[in-house]
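Order of appearance sets the numbers: ligands from 1, and atoms from 1 within every ligand. Not measured: the values here are computed from a predicted model.
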Amino acid sequence: MRWVFLGPPGAGKGTQAKKIAKLRGVPHISTGDLLRTEVGTKTELGVKAKEYMDSGELVPDDLVIEMVVQRLGSLDGYLLDGFPRTLAQAQALHDRTNGDGVERVFDFELDEDRIISRLSGRRTCRSCGAMYHVDFLPSEKEDVCDNCGGELFQRDDDKPATIRHRTQIARRQAGPLLEFYDKLGILETIDASRSPDVVHEELRGYLGDP
Ligand code: AMP
């Protein structure tokens, strides 16, 4: 399976990607997660990426492309989440695979009001990365992870002003990307306003399981 999940932040790509990748036994590769690890361990890439990420800007293409190409190595199955986000990234992925790489691209659609309400309530565990939502998926004890007891925090880039900036950037970049994949005939649109279970069932339908 070689799938790509596109769409604005907060559309549920990460949640769905984790489940589908596990079902299929392929790595879930989230460029946001990879970059946060680089930032956390203060690598050269992490130091460069941090200022862009904190302000909701995209990290420059050359840095992200190099990181993803290294992570993909010679893998023949993957679920990419949050990459590509620009046409240059899509072209780099396409070139790497001689054009026969990505099998399907899912564009998660969600309006801005819903994006803001979902992201501003999002909380992440500092220790294990598990995600919660203060209204839709609260932890049992406030600010404590149900899985590991770690501390839950709100990402700096999940604050409302940064969210608005991130969604504008995402929208600006989305047009040419969608056109690129539409022309290849591999683009599917997902209505991400529905419940996670309903979206999951729809995605499972594309897996071709009996
Ligand atoms: P995410 O967790 O996918 O929302 O990503 C968090 C932040 O990481 C984004 O706001 C960007 O600053 C950066 N980022 C993640 N993926 C990419 C990408 N494919 N290209 C450029 N920047 C990215």
Excluding sequence neighbours, so at least two apart, what forms side-chain hydrogen bond (donor to acceptor under 3.5 Å, both in side chains) with [X]?
{"X": "Asp107", "value": "none"}
{"X": "Arg71", "value": "none"}
{"X": "Asp111", "value": "Arg114"}

> What residues sit with at least one heavy atom under 4.0 Å from ligand 1?
Replying inline: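 Within 4.0 Å of ligand 1, protein side: Thr31, Gly32, Leu35, Arg36, Met53, Glu57, Leu58, Val59, Val64, Gly82, Phe83, Arg85, Gln89, Arg155, Asp157, Arg166.
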> Going by distance alone, is a donor N or O of one side chain under 3.5 Å from an acceptor N or O of the other, for Gln173 and Thr86?
Replying inline: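 Side-chain D/A pair, Gln173 to Thr86: absent.
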> Pick from Leu93, Thr31, Leu6: which one makes a side-chain contact (heavy atoms from CB on, under 4.5 Å) with Leu80?
Replying inline: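 So, applying the side-chain contact (heavy atoms from CB on, under 4.5 Å) to Leu80 and each of Leu93, Thr31, Leu6, only Leu93 qualifies.
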>> If you apply the rule ring pair (Phe, Tyr, Trp, His ring centres under 6.0 Å), what do you find for Phe180 with His94, and how did you get there?
In response: CA-CA 10 Å; Phe180 179 84; His94 190 70; 5.5 Å; yes
